[in-house]
Amino acid sequence: MSARDQLLVVIDPVARRTDGESVRIAKDVLGAGAAVRVCLPDGPEDFTKALARRGARRLVVIGDDRALLRAVAALHRERDLAGCALSVVPVGAAQSLTLTRGLGVPAGAVAAARAVLEGTERRLDLLVDDSDGVVLGDLRIPPVGAGRPSSVPEDVSSAVGAGGSSPVIAGRAGVAAEGHAWLRSCQSFVRTLAARPARPSRPAPPARLRIEADGVTLVGLDQPVEGVRVTAGGGGLARVEVRPSPSAGADASPVRVRARTVTVSGADFRYRADAVVAGPVRTRTWTVRARAWGLTLPR
């Protein structure tokens, strides 16, 4: 039996919890077409150990964007991306599968599992930063969606249990009738708060950052920046888009270039690399590694 017909299927614990039915379907389809060895890691350390013990088997990850990122990052740290073609079956909440959809992985457990068995490897560019972090899709500054919109204040939500009651109050509810009345009032108050629509996150204020592409300064610290987006666009070059703040006046039109290296520096800033928010940092450089990793996609 060839290595292509032998699979190590690593099932992310989040996928097992959120959609066990899709996980079962994917396992059945894969098992019908190849020799499958299933690994059920409990956390990141088990995940990394499973990758190291895969031998000649093809690696298949069942999970969301973060599971795919974890696999690529682990293989990158081991300097083993060149010799490994990854496959992924996306399982998770819709908002956690944006990256896999953008990479061309089919939606749905059956279609994605069939692509694993019948697809072909496609080599893709990778963005690697100076701390050895990786970006598969795109990088954004500020980290869009990184805020924590909340309809329930943290002090209230942390004091109230999963059933809507305070664990302290619930333990003493039988002491007096007043306790029952107070408990009901508290529960009603929390339900009212939870029913309110979440307040949208306020847009981040313009940042003063220096953006350099292949050593050339695109925007200096004297020009406020509304947003930066860097995407591994293929061909060994990244697509870079810098949006100056409208307060910059006549020079506020977006700057778009292609470059192999991008450096951002200035005051402390955070960034979103695919599904992960990182920082704050004062400087970071990303470099494109052409055709650095392989992903199995439909023919």
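Owing to the predicted nature of the structure, the values given are computational and were not obtained by experimental measurement.
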Between L209 and V225, the two heavy atoms sitting closest are O-CG2, 4.3 Å
Quick check against the 3.5 Å criterion: does R229 have a side-chain atom that pairs as donor or acceptor with the backbone of V242?
no
Restricting to salt bridge (charged side-chain N to carboxylate O under 4.0 Å, His left out), what partner residues turn up for R70, sequence neighbours left out?
D12
Indicate if V105 and V89 have the same hydrophobic cluster label, given that clusters are the connected sets of ILVMFWY residues with side-chain heavy-atom separations under 4.5 angstrom.
no
Kindly compute the distance separating OG1 (T263) from CZ (R210), expressed to the nearest 0.5 Å.
10.5 Å
L126 side chain reached by V72 side chain, heavy atoms, under 4.5 Å:
yes
Measure across A275 and R66 and return the closest heavy-atom pair with its distance rounded to 0.1 Å.
O-NH2, 2.9 Å
Of L297, T296, L103, L295, which is the lone residue that meets side chain to side chain contact (heavy atoms under 4.5 Å, CB included) with R122?
L297
Nearest 0.5 angstrom please: Y271 OH to I141 CD1, how far?
8.5 Å
Answer yes or no: does atom CZ of R16 have more than 12 heavy-atom neighbours from other residues, nucleotides or ligands under 6.0 Å?
yes
Verify the cluster assignment for V29 and L8: are they in a single hydrophobic cluster under the rule of side-chain heavy atoms below 4.5 Å apart?
no
Search all heavy atoms of A238 against all heavy atoms of L127 and return the closest pair with its distance.
CB-CD2, 4.2 Å
Are V240 and L237 connected into the same hydrophobic cluster when the rule is that any two of I, L, V, M, F, W, Y join if their side-chain heavy atoms are below 4.5 Å apart?
no
Count I, L, V, M, F, W, Y as connected when their side-chain heavy atoms are under 4.5 Å apart, and connections chain through other members. Are V230 and L99 then in the same cluster?
no
Do the charged groups of R256 and E241 touch, with an N to O distance under 4.0 Å?
yes
Pairwise side-chain contact, E226 with P244, heavy-atom cut-off 4.5 Å (strictly under)
no
Short side-chain donor-acceptor distance under 3.5 Å, T283 and S265:
no
Could you tell me whether the side chain of D80 and the main chain of L75 form a donor-acceptor pair under 3.5 Å?
no
Can you name the closest pair of heavy atoms from R54 and C84 and give their distance?
NH2-CB, 3.7 Å
If we ignore hydrogens and angles and just use 3.5 Å, is the side chain of R260 paired with the main-chain N or O of D214 as donor and acceptor?
no
Minimum-distance pair of heavy atoms, taken over all atoms of P106 and A111
CB-CB, 3.8 Å
Value rounded to 0.5 Å, distance of CD1 in I62 from CD1 in I25:
11.0 Å
Distance-only, no hydrogens or angles: does the R101 side chain make a donor-acceptor pair with backbone N or O of A94 under 3.5 Å?
yes
Using the rule that two of Ile, Leu, Val, Met, Phe, Trp, Tyr join whenever any of their side-chain heavy atoms come within less than 4.5 Å, decide whether L86 and L7 are in one cluster.
no
Basic-acidic side-chain contact under 4.0 Å: D268, R282
yes
The salt bridge (charged side-chain N to carboxylate O under 4.0 Å, His left out) partners of D130 (sequence neighbours excluded) come to R284
Name every donor-acceptor pair, under 3.5 Å, that has one atom in a side chain of residues 32-52 and the other anywhere in the protein, sequence neighbours excluded.
{"from": "D46", "atom 1": "OD2", "to": "D42", "atom 2": "N", "distance (Å)": "3.3"}
{"from": "T48", "atom 1": "OG1", "to": "P44", "atom 2": "O", "distance (Å)": "3.1"}

Would you say D65 and S96 are linked by a side-chain donor-acceptor pair, where the criterion is simply a distance under 3.5 Å?
no
Check: R270 side chain, G279 main-chain N or O, donor-acceptor pair, under 3.5 Å:
yes
Side-chain heavy-atom pair D132, H76 within 4.5 angstrom cut-off
yes
Separation of R289 CZ from D125 CG (nearest 0.5 Å)
11.5 Å
Where is the tightest heavy-atom contact between V135 and A273, given as atom of each residue plus distance?
CG2-CB, 3.7 Å
Check: R58 side chain, V116 main-chain N or O, donor-acceptor pair, under 3.5 Å
yes
Salt bridge present between D274 and R272 (N-O < 4.0 angstrom)
no
State whether the side chain of W293 and the backbone N or O of R123 hold a donor-acceptor pair below 3.5 Å, judged by distance alone.
no
Would the distance check show the side chain of D28 and the main-chain N or O of G31 forming a donor-acceptor pair, the cut-off being under 3.5 Å?
no
Are any of the side-chain heavy atoms of V91 and D19 separated by less than 4.5 Å?
yes
